[in-house]
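Single-structure report; data block below.
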Amino acid sequence: MDSDPPFLDTYKTLFENCIGDARTERPKDEKISIVEECELPLIDLSRLNLGVLEREECKREIAKASTEWGFFQAVNHGVSAEILERMRSEQVKVFQLPFNKKAKEKLLNFSPDSYRWGTPSATCLRQFSWSEAFHIPLTGILGLGEFNSLSSTIGEFATTVSDLAQRIAEILAENLGLKSTFFAENCLAGTCYLRMNRYPQCPISSEVFGLMPHTDSDFLTILHQDQVGGLQLVKDGRWITVKPNPKALIINIGDLFQAWSNGVYKSVEHRVTTNQQVERFSIAYFLCPSYDTLIQSCSEAPVYRKFSFREYRQQVQEDVQTTGYKVGLPRFLR
Ligand SMILES: C=C1C[C@]23C[C@@]1(O)CC[C@H]2[C@@]12CC[C@H](O)[C@@](C)(C(=O)O1)[C@H]2[C@@H]3C(=O)O
Ligand SMILES: O=C(O)CCC(=O)C(=O)O
Ligand SMILES: [Fe+2]
């Protein structure tokens, strides 16, 4: 029997044609099995509630990690272990539903295309992601109230994580001497979204990605992963593996912050590997503005031209559809 979702049947030709084929295999330097494990900068956010010296030191660390790594892990982040665990168990329950239910039925009032699996646009293995996901625009969820345990848990989770995202974004803006109310004004709860990811065991090859290399198209992302591991990111031109920390949330800079900060904060490429033995779960909160929001570099000599978030998303989607790859910010260089 094929797995759920049915990757092997649906993407049969892609796997047959690409695996072991020297012409389409990833170059040797991109082999995903030989990557060093690393601790991300670890930042204790409880210091934001202490005296001025501790608070300023913590803010400096956030700005430094966002500039040098584009990624950090935060502990004492204010999102309780209880809500993280409850969210995870709701997420596991949803993914356990039979494939037909996930693909055909409108769960809650997630929009019909909120369930995604595999990569329909992939023409070769490196464009493929062996994972399933629910993309959940928060507009649809936050008005539902106590609709059921999934929607109320998502609502509670999104509300606390959104507070954290706003605080981090404000700190990063202040560090650049910019207006920190920008995020409260433009990234309302309803324009942000959640992505619940499941990476099933992959029986075919460790060369298959769980999630293909990408940068996030938002201001910043807050990620809650489990203990399986598999997240990798580029640091100083090399791929490194992130060591999971059960107490930490991972925070990374997205393309919009890189553009807005005129390249000071880095939107770094990351990917997820597959695992033959165990499935992996993660959930990501994306801090996004409304589609009309203009993203303008904060400099007299802007690296990127001004663009709206709508224009950015459309361009990313168009590139993925036509070439299989996201081009992202380089399209908007001046
Ligand atoms: C096939 C793709 C969809 C995606 C861009 C990509 O080329 C690779 C990863 C995908 C992802 C994952 C994180 C975000 O949800 C997203 C918006 C992003 O920036 O990269 C999506 C992209 C998408 O759904 O368009
Ligand atoms: O699952 C992960 O660790 C990363 C997920 C991710 O990068 C994303 O959803 O954009
Ligand atoms: Fe991502």
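We count ligands from 1, going down the list as the structure has it; atoms in each ligand are counted the same way. Keep in mind that what you see is a predicted model, and the values were worked out from it rather than measured.
Distances from the Fe ion (ligand 3) to the N/O/S atoms of D216 are shortest for OD1. The closest approach of H214 to the Fe ion (ligand 3), by N/O/S atoms, is made by NE2.
Per-residue contacts place L223 under 4.0 angstrom from the following atoms of ligand 2 (heavy atoms of the residue considered): 2 (C), 3 (O), 4 (C), 5 (C). Close approach to Y199 involves these atoms of ligand 2, each under 4.0 Å from a residue heavy atom: 1 (O), 2 (C), 4 (C), 5 (C). Against a heavy-atom cut-off of under 4.0 Å, R195 is close to the following atoms of ligand 2: 9 (O). Within ligand 2, counting atoms from 1 as listed, the ones closer than 4.0 Å to a heavy atom of R280 are 1 (O), 2 (C), 3 (O). Interface of H270 with ligand 2, defined as ligand atoms under 4.0 Å from a residue heavy atom, comprises 7 (O). With ligand atoms numbered from 1 in the order given, ligand 2 contributes 1 (O), 2 (C), 3 (O), 4 (C) to contacts under 4.0 Å with heavy atoms of V272.
Of all non-hydrogen atoms in R195 and L211, the two that sit nearest each other are NH2-CD1, 3.5 Å. Looking at every heavy atom in both residues, E90 comes nearest to T153 through CG-OG1, 3.7 Å.
In this structure, a donor-acceptor pair under 3.5 Å is absent between the side chains of Y304 and D255.
Considering both main-chain and side-chain atoms, D216 comes within under 3.5 Å of ligand 2 through a nitrogen or oxygen pair.
In this structure, W130 and F15 have tilted ring planes: the angle between them lies in the 30° to 60° band. Using bins of under 30°, 30° to 60° and over 60° for the plane-to-plane angle, the ring pair F307/F332 lands in the tilted bin.
At a 4.0 Å heavy-atom cut-off, ligand 2 touches F286 through the side chain alone.
In this structure, the side chains of L48 and K59 come closer than 4.5 Å at one or more pairs of heavy atoms. Residues F128 and V208 form a side-chain contact, since some pair of their non-hydrogen atoms from C-beta on lies under 4.5 Å apart.
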